[in-house]
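I have placed the structure first, in the form of structure tokens, so that the comments after it can refer back to it.
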2 protein chains.
Amino acid sequence: MADVAAEAHVSVKTVSRVVNHEPGVRPDTAERVRAVIERLGFRRHDGARLMRQGRTFTIALVVEDLANPFYSQVGAAVEREARIRQHQLITASAEGSPSRERAVIEALVNRRVDGIVVVPADESASSDAVLEASHTPIVYMDRPVRGTPRDTILSDNHGGIRSAVEHLVAHGHRNIAFYGDDPAFWTARQRRDAFVATHEGLGLPGSPRVSMGPHSSGSVQETLVPWSRGPEPITAVITGNNRITLAVLLALREQRLPLSLVGFDDFELAALIDPPVTVVHQDPAAMGQKAAQQLFARLLGDESPAQTVVMPTRLIVRASGLRRAALNR
Amino acid sequence: MADVAAEAHVSVKTVSRVVNHEPGVRPDTAERVRAVIERLGFRRHDGARLMRQGRTFTIALVVEDLANPFYSQVGAAVEREARIRQHQLITASAEGSPSRERAVIEALVNRRVDGIVVVPADESASSDAVLEASHTPIVYMDRPVRGTPRDTILSDNHGGIRSAVEHLVAHGHRNIAFYGDDPAFWTARQRRDAFVATHEGLGLPGSPRVSMGPHSSGSVQETLVPWSRGPEPITAVITGNNRITLAVLLALREQRLPLSLVGFDDFELAALIDPPVTVVHQDPAAMGQKAAQQLFARLLGDESPAQTVVMPTRLIVRASGLRRAALNR
DNA sequence: CGGTGGTCAGACAACGCTGTCATGCCGGCA
DNA sequence: TGCCGGCATGACAGCGTTGTCTGACCACCG
């Protein structure tokens, strides 16, 4: 900038004014400065600019694994909201490790990002003190965190599972099993509890048959086979997420069991699988958008108490939820 | 930092030394400073630090759409490489628009990111001048760009298509159609040309039947039906990417045509579709990793001429490539 | 003709840190 | 005792901007 100023016989401040389209520069002066800028290939150094202004126009997204479709859709939505507001997005993976997540968040705070969206690795609020001290706004997604109340965007796990159970029951199923992921995950427990509660609420016979993961096709079969052959055989399965749905599909295929299936989480090409899989759809893009919007509201000075938003889910009915019902007719 | 210095009765420089674990500070002084840092909740401002040092320890990834599984896998790999090297990753979407891409890249250069990985929207090298002037290293991925030679990481489109054709021919197919994406895409043209070349190289009968997109299930059927019913009916189809594979699958299903199929691009659950889809697998994670590694080599001072790396593809044989061959036996 | 107000431009400090150089102190040695 | 070298520490400038304040100049008005 100093070079430009010297070359154009003006002060750096005037160059600054021209670069930032500030008023109060005579058109011919501005034109002369612009010409020099062009000739010298000058570009404003945003790092210095932002440092001066105390804001970075940068937000961050911390997830477990960017390659996971759920997170990548969230990422795309958050990036979009950021771009619209002239912010940039730093994405970081914590790979599911709370300590790494802590390190990542501290690094982001050190960079003075304006705000952070996090899908927390666990519920321990491990970076609470740092965030508190730095006043960095944060929005949690998908899973809540203990400690200071924070803005949190969740999926309606309970409603989603309930709609799955009700759908199956409406099609004549009475004996339904639930396969969930590792109960270390908050969402896995939520969905399991929702299943049990709905099972009891609807007065389905026997005690709920629940198997929690981590699951592989093999581990699924260990319970799937006895449950579908014993007394009161199950005629349908509900799965707690994507990964489990896959494991169950493989197990069903291997055992040639024509059970109904409703999976939590939609996935690409669910419609093309045989049979097309009925799913509880949650909308990662909408969740990410909502999270980013909430974050930007905070950046604009919204001081209202932290709020938790529960995003609705939607049952997408495809053939897999109907199969056995057809046989029962 | 000044606050800490005052409180600890030392100079800011000493605080800086402690924060950065520089030698030459007496242990008791360091301890005193650390205590104050702790008490005051001081955190080093990395923005200022990096500005002083002239590097940002940040790289950027520019893609079309972060939600696309291909790009999100690339993103995860690049982020991983960045994290390993203590860098952060800014991700940005250009949504396929060259002008937006240009704007995005200029913004990144203004931020003085240390380097950029780009999946370019077109071949126009629209930001060449900016990059040249700023000396920002850049690595292109998936598609080459005209102009100044740059490091470029590509998939072996030709080899991939050839392996697909050869696979089908080995299973007795002679009449094979190719469905490609919009020829505006470099990769779409590459794969089409590879198909035509292989078709001729192997001396398959007639002229190659090729239909370029953009495609929907409907547009595919317009050619699929005549080609599979006319004289010399096709018995197999090769698709130019993911999206087209999906369209063809739907078309085949709708028309109840039991043709063989080999798709370019693997996709989640390809194994669970009926029939399981044989694909030419390209490895986005490996490509992203390679691109990042190349970028970091440049950052470390590698001045060798720009190089183009072609990453191998791998044919994953599943049932869809064999179906008609079985009927032919 | 002096005062007033507006327009354009520049000087300067500051954002928070670190590289460079200077300083003070101490022990050891001739 | 005087000198030297090494260690711990500090003063200062500068990274590239921008906010604030000041100043020069001109036109207009009473």
Side-chain angles (χ1 to χ4, degrees), chain A residues 1-37 40-58 86 88 106-114 133-136, chain B residues 1-34 36-37 40-58 86 106-114 133-136:
Chain A
M1 206 173 236
D3 294 352
V4 175
E7 198 85 1
H9 305 293
V10 295
S11 71
V12 285
K13 180 62 207 188
T14 298
V15 178
S16 170
R17 278 194 261 261
V18 172
V19 168
N20 297 301
H21 307 104
E22 279 175 38
V25 180
R26 242 183 19 228
D28 57 329
T29 311
E31 193 42 59
R32 199 171 71 237
V33 171
R34 266 193 295 271
V36 176
I37 286 177
L40 266 49
F42 166 80
R43 335 218 84 229
R44 183 179 62 196
H45 187 310
D46 276 346
R49 165 169 225 249
L50 300 175
M51 152 155 182
R52 185 67 233 270
Q53 303 190 145
R55 294 201 38 196
T56 55
F57 282 85
T58 306
Q86 322 269 30
Q88 311 227 265
E106 291 195 8
L108 292 167
V109 169
N110 283 351
R111 290 226 172 178
R112 304 296 194 269
V113 295
D114 294 335
S134 66
H135 301 114
T136 308
Chain B
M1 204 173 238
D3 294 351
V4 173
E7 198 85 1
H9 304 293
V10 295
S11 71
V12 286
K13 180 62 207 187
T14 297
V15 178
S16 169
R17 277 194 261 262
V18 172
V19 168
N20 297 302
H21 308 105
E22 279 176 38
V25 179
R26 244 185 14 230
D28 57 329
T29 312
E31 193 42 59
R32 198 170 73 238
V33 171
R34 266 193 294 271
V36 177
I37 286 176
L40 265 51
F42 166 80
R43 334 218 85 229
R44 182 180 63 196
H45 187 309
D46 276 346
R49 165 168 223 251
L50 300 175
M51 153 154 181
R52 185 67 232 271
Q53 304 190 144
R55 295 202 37 198
T56 56
F57 283 85
T58 306
Q86 323 268 32
E106 292 196 8
L108 293 167
V109 168
N110 282 352
R111 290 226 172 179
R112 304 294 194 269
V113 294
D114 294 334
S134 65
H135 301 115
T136 309

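Below, chain A is the first sequence line, B the second, and so on; all start at residue 1. Source: prediction; values computed, not measured.
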Before you tell me yes or no, could you show the steps for B/Leu50 and A/Arg111 under side-chain contact (heavy atoms from CB on, under 4.5 Å), namely the whole-Å CA-CA distance, both residues' side-chain angles and the distance that decides it to 0.1 Å? CA-CA 9 Å; B/Leu50 300 175; A/Arg111 290 226 172 178; 3.9 Å; yes
Out of [options], which has the shortest distance to the side chain of [X]?
X       : options                : answer
B/Thr29 : D/dT18, D/dT9, D/dG16  : D/dT9
A/Asn20 : D/dT18, C/dG16, D/dG16 : D/dT18
A/Val25 : C/dG16, C/dA9, D/dG16  : C/dA9

Does [X] make a side-chain N or O approach to OP1 or OP2 of [N] shorter than 4.0 Å?
X       : N      : result
B/Arg26 : D/dA8  : no
B/Gln53 : D/dC15 : no
A/Ser16 : D/dT17 : no
A/Thr14 : C/dC8  : no

Report which part of the nucleic acid A/Arg55 touches: base, sugar-phosphate, or nothing (heavy-atom distance under 4.0 Å, all strands). nothing
Which residue in the set B/Asn20, B/Thr14, B/Val19 passes side-chain contact (heavy atoms from CB on, under 4.5 Å) when paired with B/Ser16?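 Exactly one option meets the side-chain contact (heavy atoms from CB on, under 4.5 Å) with B/Ser16, and it is B/Asn20.
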So for A/Arg52 and C/dG16, does any side-chain atom that can act as donor or acceptor lie under 3.5 Å from a complementary atom in the base?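 Not at all, since no donor on one side and acceptor on the other fall under 3.5 Å apart.
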Is B/Arg112 side chain donor-acceptor paired with the D/dG16 base, going by distance under 3.5 Å alone? no
